[in-house]
Amino acid sequence: MNLPLSILNLPLTQPVMIFLLVLLIILICPLVFKRVGIPQIVGLILSGVVVGPYGFNILARDASFEIFGQVGILYLMFLAAVEIDMFHLKRNLNRGVAFGLITFVIPMAAGIIGSRFAFGSSWATCVLIATMYASHTLISYPIVSKFGLQNAKAAVIAVCATIVTVLLALLALAGVVTATESGGFSYRKLFILVALMVVYAVLVGFSFRWATKYFFRKISDQVSQFIYVLAMVFIASMFAQLIGLEAILGAFYAGLILNRFIPDRSGLMGRIKFVGNAIFIPYFLIGVGMLINVHVIFKSWNVGWVALNMVVVATSSKWISAYIGARLFGFGKTDREIMFGLTSGKAAATIAATMIGYQHGLLSEDMMNGAVLMILVSCIVSSVVTQRATKRLRIERTEAELKSEGDRVPGEYARQLVAVANPVTAEGLMRMALLMRNRRNQNEVTVLFVRNSDDARVVEMGRNALRSAVAAAQAVDIEVKDIERYDVNVVAGVTNEIKQNRASDIMIGLHRKSNVVDTFYGSMIEQLLQSTNKMIFMSRCFIPVDTLARLMVLVPDKAEYETGFQTWVERVGNLASQLACKVIFMAYPATSNFIRNVLEDEHFAIRHEYRELHNWDDFILHSAEIEDEDLLMVVGARKGSISHSGDLESLPAYLSRNFARNNLVVIYPEQFGG
């Protein structure tokens, strides 16, 4: 049999061989370049240079690289937006816009003046080259994300600045092209573009929020949710292109809109990061490398001169911008280097400007080749500087965290026990528990199903509930232990597991009344409250937890004197941080001060407000504000505790009567020392 050796002809054209080689590059490149201290991003770009048409011509830059490359840059911008904590974004938005203007104006001015004197080009060409210097791509953002520093001030400011610079560079580029085609600048076209941008922002923002909320509440399958998210990213990018904007702006805007619906500690976010970092973003970086022809330097001294000039002006102007921005904001060397590293890389917008300029005769072939070489050098500089700075910042933060936690006993983080029985609610209970976890908590979660009979139907339901809860934990890489326990009754089974696993937090589904004489909590939960003093969360959500709008927390008088006060405040803070939603504490003035102190001491970056209570009637008034999309969290108290009162005795009946259809979590903090 003759082997089809033609599939090995170079450049490779057989799809299996092309994809195999790309996968091998993605697999081997990080391992090889890590040993010599070169960032993975640089390694992927250099690999593209080597295997591309200007290297050993192993791969042609065919349609697959065009498609996957475009998907990769859109994915990169989307990830940058969806990973940002909206609280940090809003708090640093003014700085981000200011730095965006700085890192646009300085390179623009340097580019226009430098190109005029160095190349003697026309003003239109000088402006076009300047837009290449001013715009940048978050080429090194995956490094920041890998070190978990996406919410660092410098990183958030740099991401904000990226959108400002790309948008302004796009407007400048559009003006140059219009002037070249029509012989003059058109204010009318500029006004139309700005008007379309406003309409786009309003329509996409409103429709995407409504559609996402509706879809996530109707469809719980995370594969379908992932496909939906990707579709929304490309819809936003498509409409951005239709009105004359770059697709990357649409992808970033989609990320901002979808941000609050995708908690960082969720299976959906895990899938989004995995697919992007494993396939799309590496494909994009390899494709960038395949555009670069290093041989042109040796063919013409003029190309080398042009490239050197572009590299020096573009890099130095971005460094000066970062230096001025860091001094203006009071930042140190590390933050300055992160700002410079993130804003010095060039790819998508610069490539687009280069191609447009060459097609319209504004750039010579030497200038185009020089620009491509500038892209290579800027990507290397950006990646190296960002990796060095983020390593230093990660070490500084880790040391600070260890120092601040010096008094914390090892293993003191929550040891969670999630009791399940119904497969319909098991996943929601587990997700609620995971969203309340401290980010640094490495303790495993125990999932428990207790039965006291051999009824096949009950056993099968319980085991399905266990599987559902375990899958939810494994989706976010949380270690989980599932236990099926036979005991005399559910309360005995749960309390025995609490003792055996030294559990600190118990998550259980809120009882649903089965008849008119049944109590709100149900006899099982009432017995559990009497059997253990550990913290218990009773949860009932009618909508997915990641679509909640606000957390409304009712706190009893003197709650600050209970043993578990700080702990439950931290759990609420973790939940609000993950959901990026506002917390409204309905509490007595003295208690509000203690809550505020806990949030400040633990450095929770969340939006929170306070509604003052002076008596039970005040809660009844504030409860009118609670809407269907809110989560009412009620802090209870066991009988005999300091914060227990007659009002709390009547609370279950009031909740049953007035909040039967509301999302509800009842918290019984650890009391009497656990």
Side-chain angles (χ1 to χ4, degrees), residues 409 411-422 425-426 429-430 432-434 436-438 441 443-452 462 465-466 469 480-512 519-540 555-556 558-572 574 633-645 648-649 651-652 655 664-674:
V409 178
E412 192 181 333
Y413 288 117
R415 302 183 67 87
Q416 296 172 297
L417 186 149
V418 181
V420 299
N422 188 341
T425 59
L429 288 174
M430 176 57 78
M432 181 70 77
L434 296 180
M436 290 185 177
R437 277 171 73 93
N438 187 294
N441 188 351
N443 294 330
E444 67 180 4
V445 180
T446 300
V447 187
L448 174 66
F449 163 53
V450 180
R451 62 185 178 89
N452 59 0
L466 279 178
V480 60
K481 177 174 68 174
D482 59 312
I483 297 175
E484 179 183 336
R485 185 184 183 102
Y486 187 95
D487 220 312
V488 292
N489 56 55
V490 174
V491 174
V494 172
T495 53
N496 287 332
E497 283 299 331
I498 290 173
K499 294 173 184 177
Q500 290 180 13
N501 290 283
R502 295 181 292 114
S504 61
D505 297 22
I506 297 87
M507 177 69 67
I508 194 166
L510 189 61
H511 172 71
R512 302 197 180 191
T519 61
F520 179 68
Y521 290 155
S523 59
M524 189 271 288
I525 291 180
E526 290 176 348
Q527 292 175 33
L528 183 62
L529 289 171
Q530 295 172 5
S531 302
T532 179
N533 294 326
K534 296 295 185 181
M535 180 154 58
I536 297 177
F537 297 90
M538 294 171 274
S539 175
R540 180 192 69 200
V555 187
K558 299 183 177 62
E560 65 272 20
Y561 296 109
E562 303 296 351
T563 306
F565 171 75
Q566 177 168 335
T567 306
W568 73 254
V569 175
E570 291 177 5
R571 302 293 186 268
V572 173
N574 290 332
M633 306 185 76
V634 179
V635 181
R638 293 172 174 86
K639 290 182 180 180
S641 62
I642 298 174
S643 59
H644 187 268
S645 66
L648 289 181
E649 286 287 342
L651 179 62
L655 294 176
L664 179 64
V665 170
V666 180
I667 306 172
Y668 273 83
E670 178 184 335
Q671 287 169 314
F672 315 118

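As the structure is a prediction and not an experimental result, all values here were calculated from the model.
Judged purely by atom type and a 3.5 angstrom limit, N501 has no side-chain atom pairing as donor or acceptor with the backbone of R415. Side-chain atoms of R638 do not come within 3.5 Å of backbone N or O of H644 as any donor-acceptor pair.
Just one residue in the list L528, T425, V418, L429 forms a side-chain contact (heavy atoms from CB on, under 4.5 Å) with I508, and that residue is L528.
Rounding to the nearest 0.5 Å places CZ of F449 at 7.0 Å from CG of L466. Distance check: Q416 CD to L434 CG gives 6.5 Å after rounding to the nearest 0.5 Å. Rounding to the nearest 0.5 Å gives a distance of 10.0 Å between OG1 of T495 and CD of Q500. Between the CG atom in L448 and the CE atom in M507 there is a gap of 14.5 Å [rounded to 0.5 Å]. Atoms CG and CZ, on L655 and R540 in that order, are 8.5 Å from each other to the nearest 0.5 Å. We find the CG-CZ distance between N489 and R451 to be 14.5 Å, quoted to the nearest 0.5 Å.
A pairwise comparison of heavy atoms in D505 and A414 identifies OD2-CB, 3.8 Å as the closest pair. Contact between S643 and Q671 at its shortest, heavy atoms only, is OG-NE2, 3.9 Å. Looking at every heavy atom in both residues, M432 comes nearest to S539 through CE-OG, 3.8 Å. Of all heavy-atom pairs spanning W568 and P669, the tightest one is CD1-CG, 3.6 Å. Between I498 and L417, the closest heavy-atom pair is N-CD1, 4.1 Å. In terms of heavy atoms, I483 sits closest to T446 at CD1-CG2, 3.7 Å.
In this structure the side chain of E670 never reaches within 4.5 angstrom of the side chain of T567, judged on heavy atoms. Side-chain atoms of M524 and V494, non-hydrogen and from C-beta on, never get closer than 4.5 Å to each other.
Taking R485 as the reference, D487, E497 meet the salt bridge (charged side-chain N to carboxylate O under 4.0 Å, His left out) condition, with sequence neighbours excluded. With sequence neighbours excluded, no residue satisfies salt bridge (charged side-chain N to carboxylate O under 4.0 Å, His left out) with E560. Taking the side chain to side chain contact (heavy atoms under 4.5 Å, CB included) definition, one finds that A559 meets it with V555, P556, F565, T591, sequence neighbours left out. When the side chain to side chain contact (heavy atoms under 4.5 Å, CB included) test is applied to I642, the partners found at least two apart in sequence or on another chain are K558, Y561, E562. K499 is linked by a side chain to side chain contact (heavy atoms under 4.5 Å, CB included) to nothing, counting only residues two or more places apart in sequence or in another chain. In this view, R437 satisfies the salt bridge (charged side-chain N to carboxylate O under 4.0 Å, His left out) rule with no residue, not counting sequence neighbours. With sequence neighbours excluded, the residues forming a side chain to side chain contact (heavy atoms under 4.5 Å, CB included) with A465 are V420, P423, A426, listed by chain and number. By the salt bridge (charged side-chain N to carboxylate O under 4.0 Å, His left out) test, E444 pairs with K481, sequence neighbours left out.
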(request) Check the pair I525 / I536 against side chain to side chain contact (heavy atoms under 4.5 Å, CB included), numbers first and verdict last. (result) CA-CA 10 Å; I525 291 180; I536 297 177; 5.8 Å; no
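If you check the side chains of Q566 and E570, you find a donor sitting under 3.5 Å from an acceptor.
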